[in-house]
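Everything quoted here is computed from the prediction, not taken from an experiment.
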Amino acid sequence: MLVFLIILILLLSLLATPLRVGMHFYLNLFGNDGFIKIYFFGIRVFMAGVHFEHESTRHNNLVIDRKGKSDKIHLNTDPTDKKSVAAMMKHPALKNMLVEKISAHFIAGKTNDAFFTVALMQALRVLFYATLAPIKCRYSVQITESFTPVYNNDVLQTDFIGIISISIADIIMGYIQNGAKKKARNNQEVASV
């Protein structure tokens, strides 16, 4: 009985311990290539190439290539589209994650055009702050950034490094809450018919 209690306590503490996941995302926008790496306690567990794909005027994708297989993330805010960014952010496993740190580095420039380079850097700065404002408001995240202009080369690159913390208990609770909401919604639909 004592051994069972000890194992139960260890399992419960493991479930409640936040897991730290690191992510490194690099993208060369002019070359339309890059990579994504995911680390679990400092050990790389996932690496894939990434690039953008334009299918139609209303549909753009971020394509993730790994070992000859491709998967697409639709770059839209349609919550009914299962592969959209909005639908992924509503996933029960991601609702309870804590973003601890984001570090971003931008390199941009156009050969012999200082005005365009400075305007591009300022546009990137405004876009970066506008994109990360909701994350900064939701989490107490440490954000560091740098913007490097290059005046003698055509370049547009971005490099993100982030640390995310989530516990197994948070994931389980997210799925339970999501299941309870779906069940309540189904009961309301049956009662209204």
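For the pair Met121 and Phe147, the tightest heavy-atom approach, listed with the atom from each and the gap, is CE-CB, 3.1 Å. Looking at every heavy atom in both residues, Ile102 comes nearest to Leu132 through CD1-CD2, 4.1 Å. Nearest heavy atoms, Phe52 versus Asn32: N-OD1, 2.8 Å. Of all non-hydrogen atoms in Thr131 and Leu127, the two that sit nearest each other are OG1-O, 2.7 Å. Contact between Ala108 and Leu124 at its shortest, heavy atoms only, is CB-CD1, 3.9 Å. Heavy atoms only, all atoms of each residue included: Phe25 and Ile36 are closest at CD1-CB, 4.1 Å.
Between the Asp154 side chain and the Thr111 main chain, a donor and an acceptor come within less than 3.5 Å of each other. Between the side chain of Thr117 and the backbone N or O of Pro149, no donor-acceptor pair lies under 3.5 Å. Not one N or O on the side chain of Asn61 forms a donor-acceptor pair closer than 3.5 Å with the backbone of Val63.
One hydrophobic cluster holds both Tyr129 and Leu120 under the rule that ILVMFWY side chains link at heavy-atom gaps under 4.5 Å. Residue Phe30 is grouped with residue Leu62 when hydrophobic side chains (ILVMFWY) are merged at heavy-atom distances under 4.5 angstrom, including chains of intermediate members. Linking ILVMFWY side-chain heavy atoms closer than 4.5 Å, directly or via other members, places Ile38 and Ile163 in two distinct hydrophobic clusters.
More than 12 heavy atoms of other residues, nucleotides or ligands shown are found within 6.0 angstrom of CZ on Phe41. Atom CZ of Phe4 has 12 or fewer heavy atoms from other residues, nucleotides or ligands within 6.0 Å. Counting heavy-atom neighbours within 6.0 Å of Lys37 NZ, excluding the residue itself, gives a total above 12.
Ion pairing between a basic and an acidic side chain is recognised when a charged N comes within 4.0 Å of a carboxylate O; Glu100 and Arg20 show such pairing. Using a 4.0 Å cut-off between a side-chain N of Lys or Arg and a carboxylate O of Asp or Glu, Lys83 and Asp71 qualify as a salt bridge.
Rounding to the nearest 0.5 Å gives a distance of 14.5 Å between CZ of Phe35 and CG of Asp65. Ile161 contributes atom CD1, which lies 8.0 Å from atom NZ of Lys101 (distance to the nearest 0.5 angstrom). Taken to the nearest 0.5 Å, the CE atom of Met23 stands 15.5 Å off from the CZ atom of Phe40. With values rounded to the nearest 0.5 angstrom, Leu29 atom CG is found 8.5 Å from Gln157 atom CD. Rounded to the nearest 0.5 Å, atoms CG (Leu27) and CG (Asp33) are 7.5 Å apart.
Put simply, the residue from Val150, Leu156, Asn153 that forms a side chain to side chain contact (heavy atoms under 4.5 Å, CB included) with Ile107 is Val150.
There is a side-chain donor-acceptor pair under 3.5 Å between Asp81 and His74. For the residue pair His54 and Asn60, a side-chain donor N or O sits within less than 3.5 Å of a side-chain acceptor on the partner. Side-chain contact annotation: His24 with Asp159, donor-acceptor N/O pair under 3.5 Å present.
Ring to ring, Phe106 and Phe160 are close: their centroids are under 6.0 angstrom apart.
For the pair Arg44 and Tyr39, the cation does not sit on the ring face, since its NZ or CZ is not both under 6.0 Å from the ring centre and inside 45° of the axis.
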